2 protein chains.
Amino acid sequence: MVSSKDVAKFAGVSQTTVSRVLNAPETVKEKTRQRVLDAIETLNYHPNAIARSLVSNSTRSIALVSGPLHNPFFADSVTAIIQFARLQGYQVTVHFEDLGSNESVFESLAKSKVDGMILSSIYLEDPIFSKLSRFGVPFVFFNRKPVEPSHFVEIDNVHAGRLGARHLLDLGHRHIAWVGGPQTMSTFAGRYAGFREVMNENGYVTKPSWTVVTDTSPQHIHKQMIRLLKEKEKPTAIFAATDSIAIYVLDVLKSMGYRVPEDISVLGIDNVTWSGHSSFNLTTIGATYPKNLGQVGVEILFSIMESPSEKWIQKTIPVHLIPRGTTASI
Amino acid sequence: MVSSKDVAKFAGVSQTTVSRVLNAPETVKEKTRQRVLDAIETLNYHPNAIARSLVSNSTRSIALVSGPLHNPFFADSVTAIIQFARLQGYQVTVHFEDLGSNESVFESLAKSKVDGMILSSIYLEDPIFSKLSRFGVPFVFFNRKPVEPSHFVEIDNVHAGRLGARHLLDLGHRHIAWVGGPQTMSTFAGRYAGFREVMNENGYVTKPSWTVVTDTSPQHIHKQMIRLLKEKEKPTAIFAATDSIAIYVLDVLKSMGYRVPEDISVLGIDNVTWSGHSSFNLTTIGATYPKNLGQVGVEILFSIMESPSEKWIQKTIPVHLIPRGTTASI
DNA sequence: CGAAAAAATGAATACGTAACCATTCAAAGG
DNA sequence: CCTTTGAATGGTTACGTATTCATTTTTTCG
């Protein structure tokens, strides 16, 4: 591997000068600078970012801990985050949450000395949180928030739940099933709370057997849906906690011969890009905000990376209903 | 930042011993080892991977250059690659191809000293190829191959094109449009060649205005489809070069009121997970191979990383038709 | 022309770790 | 109890860069 010393020897200068040519070109005489640049070119020298990181104590890379890409929400946000980071000259190492064995993910993060972390994967009360804080690396949550104070960006989950419930009630639905994820995650907890509030306010109960908790995997959603549809009394509408869940629900319903929305209405939350696809045409609830949630998160991350603030930056983005074709009056 | 020196001082041993506790625990006496481990615990020490990389000349990370995640093929393969790499203790930095300005991606790769690279993004004849070779880092292509000899894994693109053409001809279609991507990419070139071969063998021509070249973005596909559907003579079937394209074609067709397959048949290639979704139920052509193509690629990468081989590892995976609901006889 | 100021360059060091070589320590054998 | 052997530990250096401080070279101007 060719180093700056090799370049220095070749150009007949000191290693210091080579370093200067790269980092402060204006401080070195035109003539020698050209000689060094020529040497760099002929030797095909590339500065070693590892060594550079060691002294500068900055890797120009951030870590992203994301949910699974089969959820279009995450496919969208991962894309936005990587693109934005690149514009700032940062690389992104991507990790996936791994329910249960997240430990090893964080273990590797602790060592790799990233300059910042952005993560969507955390439980409301997560022991990992205190570990994170001890790393001394700035971190931001998007689409999740822990109970401890922290930087985060999320949509107004409670209001999203409320809006959805109201929409379905307005359409005349009274038998509404909820298909969500673990209540230990802020997203699901908030959305469900909003849904339930409105139901109760209007004197309707949320039947326990119509409240489905899944691990958000296609397989599990499939299994749970089969169970739900075997009930003697069937719901007339299904409120899915995320578009991703809703899309898998649609899959099950259609494959079983149900017509949507004629036989049953389906509603999601997130307004992922795919939901607008005419094959889904999913009614959903999404941010009143053009920017991707992941990008908002990474913007916050960079702002606290360059000027650490004692204040917590916490954004809750308002939401609105996006009516499309999967919901109809009863 | 707490270093191994700090741990050493705290435990009353030398830095060397701390290093040994981590890398060769059996060579240090039980008692002192325990003392060091305690010190590590109390000081919350995490070995600095950067410094470690500098001396070991290995970052335990690989770079992935992927196509866009709105293409489910890449969402699938990125997931498979990251998961597999993690099992080997490797991190993955993800980059997206950026048609035109790939330079900057490779510039950052040159510096970051990854242990290997896996990439889907390259043209048949790409000036980037020679740069890559000079890095001295093992690299593998998946779903793409350059003209220069290299390691790669792909599906049998030509045969996929042939299979698709035959399928549509067997169903009685004669007016078949092709919607693909740049012919400068091996995937598109191979698939189109196979399609064309079979058409010509059977005495049918491929009408130029029915051969649509897109940049594979949803927007461009949309625009080109509108143009295609304005032709006075309309195709009865559309052969899309990828499932991703096919899915966007479906979007356009459905939003314009076409029924698939009654009015028009649609066929894709790749057998991405989403294609089996009942909202698409896309007839497609895919590998006769349970493993994700990206994973096959990263397996090859790790094998050449641990034992560099002079021989090129080149896998072309056989394909078969997966008949579903978007194709029907005329 | 000569002194002072400014510009350009070089030598030495630190970053945190692993590895090599040297040294100390403990155990075993006579 | 002393010697030999092997185990355990410590000192030093290298990895490739940026940075600080010292030194040399060039420029400026009286």
Side-chain angles (χ1 to χ4, degrees), chain A residues 1-37 39-40 43-61 89 108 110-115 135-137, chain B residues 1-40 43-61 89 107-108 110-115 135-137:
Chain A
M1 194 47 47
V2 38
S3 75
S4 58
K5 274 184 194 163
D6 301 324
V7 175
K9 194 179 293 179
F10 190 90
V13 297
S14 72
Q15 181 266 328
T16 307
T17 299
V18 175
S19 177
R20 266 192 281 258
V21 169
L22 296 173
N23 301 302
E26 69 280 4
T27 68
V28 34
K29 196 165 46 168
E30 169 63 21
K31 202 172 147 194
T32 59
R33 201 187 66 197
Q34 205 46 250
R35 216 166 60 231
V36 171
L37 288 175
I40 287 176
L43 296 180
N44 189 32
Y45 165 73
H46 293 278
N48 186 327
I50 298 296
R52 194 174 261 180
S53 295
L54 188 59
V55 44
S56 70
N57 203 28
S58 143
T59 54
R60 295 197 78 75
S61 73
S108 82
K111 295 174 188 161
S112 58
K113 309 288 171 193
V114 291
D115 294 347
F135 288 166
V137 172
Chain B
M1 194 47 46
V2 38
S3 73
S4 58
K5 273 183 194 164
D6 301 323
V7 174
K9 193 179 294 179
F10 189 89
V13 297
S14 73
Q15 181 267 327
T16 308
T17 299
V18 175
S19 176
R20 266 191 281 255
V21 169
L22 295 173
N23 302 302
E26 68 281 3
T27 67
V28 34
K29 197 165 45 168
E30 168 64 21
K31 203 173 147 194
T32 58
R33 201 186 66 198
Q34 205 46 250
R35 216 166 58 229
V36 171
L37 288 176
D38 287 351
I40 287 175
L43 296 181
N44 189 32
Y45 165 73
H46 293 277
N48 186 326
I50 298 296
R52 195 175 261 180
S53 294
L54 188 59
V55 45
S56 71
N57 204 27
S58 142
T59 55
R60 292 197 79 74
S61 74
E107 201 54 43
S108 83
K111 296 173 188 162
S112 59
K113 310 288 172 194
V114 290
D115 295 346
F135 289 166
V137 171

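Proteins get letters first, then strands, A, B, ... in listed order; numbering begins at 1 in each. All figures in this text were calculated on a predicted structure; none of them were measured in a lab.
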Checklist line | Phosphate OP1/OP2 of D:dT17: any A:Ser4 side-chain N/O under 4.0 Å | finding: yes
Notebook entry, point to check: Between B:Lys31 (NZ) and D:dT9 (C1'), how many Å, whole number?
Noted result: 14 Å
Notebook entry, point to check: How sharply is the helix from C:dC1-D:dG30 to C:dG30-D:dC1 bent, taking the axes over five pairs at either end and rounding to 10 degrees?
Noted result: 40°
Next item on the list: Could you list all the side-chain hydrogen bond (donor to acceptor under 3.5 Å, both in side chains) pairs where at least one residue sits in residues 17-26 of chain B, not counting sequence neighbours?
Entry: B:Ser14-B:Thr17, B:Ser19-B:Asn23
Next item on the list: Evaluate side chain to side chain contact (heavy atoms under 4.5 Å, CB included) for B:Val2 paired with B:Asn44, printing each intermediate quantity in order.
Entry: CA-CA 8 Å; B:Val2 38; B:Asn44 189 32; 5.6 Å; no
Check: Just how far, in rounded Å, is P of D:dG11 from NZ of B:Lys5?
Finding: 12 Å
Next item on the list: Report yes if the side chains of B:Val36 and B:Ile40 come closer than 4.5 Å at any heavy-atom pair, otherwise no.
Entry: yes
Note to self: As an exercise, state the distance from CG of A:Asn48 to CG of B:Asn57, rounded to the nearest 0.5 Å.
What the structure shows: 7.5 Å
Next item on the list: Assign a letter to each nucleotide of nucleotides 4-12 of chain C from its 5' end: B, base within under 4.0 Å of a protein heavy atom; S, sugar-phosphate only; -, no contact.
Entry: ----SBBBB
Notebook entry, point to check: Is any side-chain heavy atom of B:Arg60 closer than 4.5 Å to a side-chain heavy atom of B:Arg52?
Noted result: no
Notebook entry, point to check: Got a sec? Which of residues 48-58 of chain B come in under 4.0 Å of DNA chain D, heavy atoms?
Noted result: B:Leu54, B:Val55
Notebook entry, point to check: side chain to side chain donor-acceptor pair (under 3.5 Å) with B:Ser53: which residues, sequence neighbours excluded?
Noted result: none
Next item on the list: Report the residues that fulfil side chain to side chain donor-acceptor pair (under 3.5 Å) with A:Thr27, sequence neighbours left out, ordered by chain and then residue number.
Entry: none
